[in-house]
Amino acid sequence: MSGFYSFAVHVLKVVMPLWYKIETKGAEQLPTDGGYLFISNHRSMADPILIGIQNAKTPFCFLAKQELFESGFIGWLLKKLGAIAVDRGAGDLSPIEELCGKLKNGENALIFPEGTRSKDGTLGKFKTGAALIAAQTGVPVVPVGISFEGNLHFRSKICVQYGKPLALPCDNPADPRPAELKAIKIAMTKAVADLIPPALPDSQAQN
């Protein structure tokens with residue numbers, strides 16, 4: 001772990017609860033070491049920080065869209081925090097291969113299987129990338145659910161809930177069958193869905 005990463009995580013662990021009202025559930029199920037794939041629903045740009053600060057002893061790597069790396073300070077910060085750039089329209093698998101390598105080396109990895117943020121909290125359809133990573137690495141999967149009402153703002157109440165690590169075995173990790181990837185994706189979707197409240201219809205959410 002780099003000195004900058006350790007420093008940043010410890011600072012953010014103090015700052016984030018000052019900015020938001022954060023409730024953490026299931027923290028007793030968090031692993032104390034590395035080599036785990038964390039999967040979460042995606043609500044805001046703060047999600048990687050909300051999850052990463054809970055385990056300051058083990059570095060996290062995560063995927064971030066290429067455009068973010070092109071913006072000065074943000075791009076520099078993402079690189080320092082171990083983010084991996086991904087061009088979502090290029091079909092390039094090298095970011096996934098790099099993330100798999102970090103997992104095998106004992107780092108934790110965080111991925112948002114929906115591929116984009118949900119504005120209303122509704123859980124979107126999971127893409128296959130996360131299932132492929134789990135199948136090829138064989139690492140345990142930690143489901144995470146992030147929930148809050150409306151748009152994120154100062155003193156928003158945020159609930160970050162962790163589930164029990166899952167073992168999602170694959171018969172042929174080097175070349176997983178489509179049926180295996182589908183089964184893993186279904187298991188991942190259910191695990192995350194169980195950790196977040198169902199989205200309310202617009203009429204109820206406004207009351």
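For this chain, numbers begin at 1 and follow the sequence in order. Keep in mind the model is a prediction, meaning the values are calculated, not measured.
Other residues, nucleotides and ligands place more than 12 heavy atoms under 6.0 Å from the CG atom of D33.
Looking at T128 and K185, their side chains come closer than 4.5 Å, going by heavy atoms from C-beta outward. Within the 4.5 Å cutoff, the side chain of S156 has no heavy atoms near those of the W19 side chain. Inter-residue side-chain proximity for L30 and Q54 is flagged as met; some heavy-atom pair is nearer than 4.5 Å. With contacts defined as side-chain heavy-atom distances shorter than 4.5 Å, the pair I146/I158 qualifies. With contacts defined as side-chain heavy-atom distances shorter than 4.5 Å, the pair T137/L37 does not qualify. F38 has its side chain within reach of Y162: a pair of non-hydrogen atoms, C-beta onward, lies under 4.5 Å apart. For the pair P31/V142, a side-chain contact is recorded, criterion being any heavy-atom separation below 4.5 Å from C-beta on. Side-chain contact between M188 and V192 is absent, with no heavy atoms from C-beta onward closer than 4.5 Å.
Here CG of L195 is found 5.0 Å from CD of Q161. Values are rounded to the nearest 0.5 Å. In this structure, the separation between NZ on K21 and CZ on F154 is 9.0 Å, given to the nearest 0.5 Å. With rounding to the nearest 0.5 angstrom, the CD atom of E114 is 13.0 Å from the NZ atom of K125. Rounded to the nearest 0.5 angstrom, I84 CD1 and L63 CG are separated by 5.5 Å. To the nearest 0.5 angstrom, N108 atom CG is 8.0 Å from C61 atom SG. Atoms OG and NZ, from S147 and K25 in turn, are 7.5 Å apart once rounded to the nearest 0.5 Å.
Between D47 and R43, no side-chain nitrogen of the basic residue sits less than 4.0 Å from a carboxylate oxygen of the acidic one, so the salt-bridge criterion is not met.
The aromatic rings of F112 and H42 sit parallel, their planes meeting at an angle under 30°, below the 60° perpendicular limit.
When hydrophobic clusters are built by joining Ile, Leu, Val, Met, Phe, Trp and Tyr residues whose side-chain heavy atoms come closer than 4.5 Å, directly or via intermediates, V144 is grouped together with M45. V15 and F7 fall within the same hydrophobic cluster, defined by Ile, Leu, Val, Met, Phe, Trp and Tyr side-chain heavy atoms under 4.5 Å apart, directly or through other members. Residues M16 and F60 are members of one and the same hydrophobic cluster, defined by side-chain heavy-atom contacts under 4.5 angstrom among Ile, Leu, Val, Met, Phe, Trp and Tyr. I111 and L132 are not part of a single hydrophobic cluster, where members link through side-chain heavy atoms under 4.5 Å apart. L181 and L166 fall into different hydrophobic clusters, where Ile, Leu, Val, Met, Phe, Trp and Tyr side chains are chained together by heavy-atom contacts under 4.5 Å.
Closest of all the heavy-atom pairs between I22 and P17 is CD1-N, 4.0 Å. What you find for C170 and E180 is that their closest heavy atoms are SG-OE1, 3.4 Å. Considering all non-hydrogen atoms of both residues, I184 and A134 come closest at CG2-CB, 4.4 Å. Of all heavy-atom pairs between G129 and I96, the closest is CA-CD1, 4.3 Å. Minimum interatomic distance between G35 and P140 (heavy atoms only, all atoms of both residues): O-CD, 3.8 Å. Among all heavy-atom pairs drawn from L152 and A46, the shortest one is CD2-CB, 4.1 Å.
Qualifying side-chain hydrogen bond (donor to acceptor under 3.5 Å, both in side chains) partners for T189, counting only residues two or more places apart in sequence or in other chains: none.
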Output side-chain donor-acceptor pairs under 3.5 Å for residues 97-106, partner residues at least two apart or in another chain, one line each.
from: N105; atom 1: ND2; to: G101; atom 2: O; distance (Å): 3.2

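Not one N or O on the side chain of Q136 forms a donor-acceptor pair closer than 3.5 Å with the backbone of I133.
The salt bridge (Lys or Arg N to Asp or Glu O under 4.0 Å) contacts involving residues 150-168 comprise nothing, where partners must be two or more places apart or lie in separate chains.
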Report task. Could you walk me through whether R177 and D171 pass side-chain contact (heavy atoms from CB on, under 4.5 Å), step by step? Result -> CA-CA 9 Å; R177 294 179 291 108; D171 292 336; 4.1 Å; yes
**Report entry** Steps toward side-chain contact (heavy atoms from CB on, under 4.5 Å) verdict (S118, N41)
**Finding:** CA-CA 8 Å; S118 171; N41 64 315; over 6 Å; no
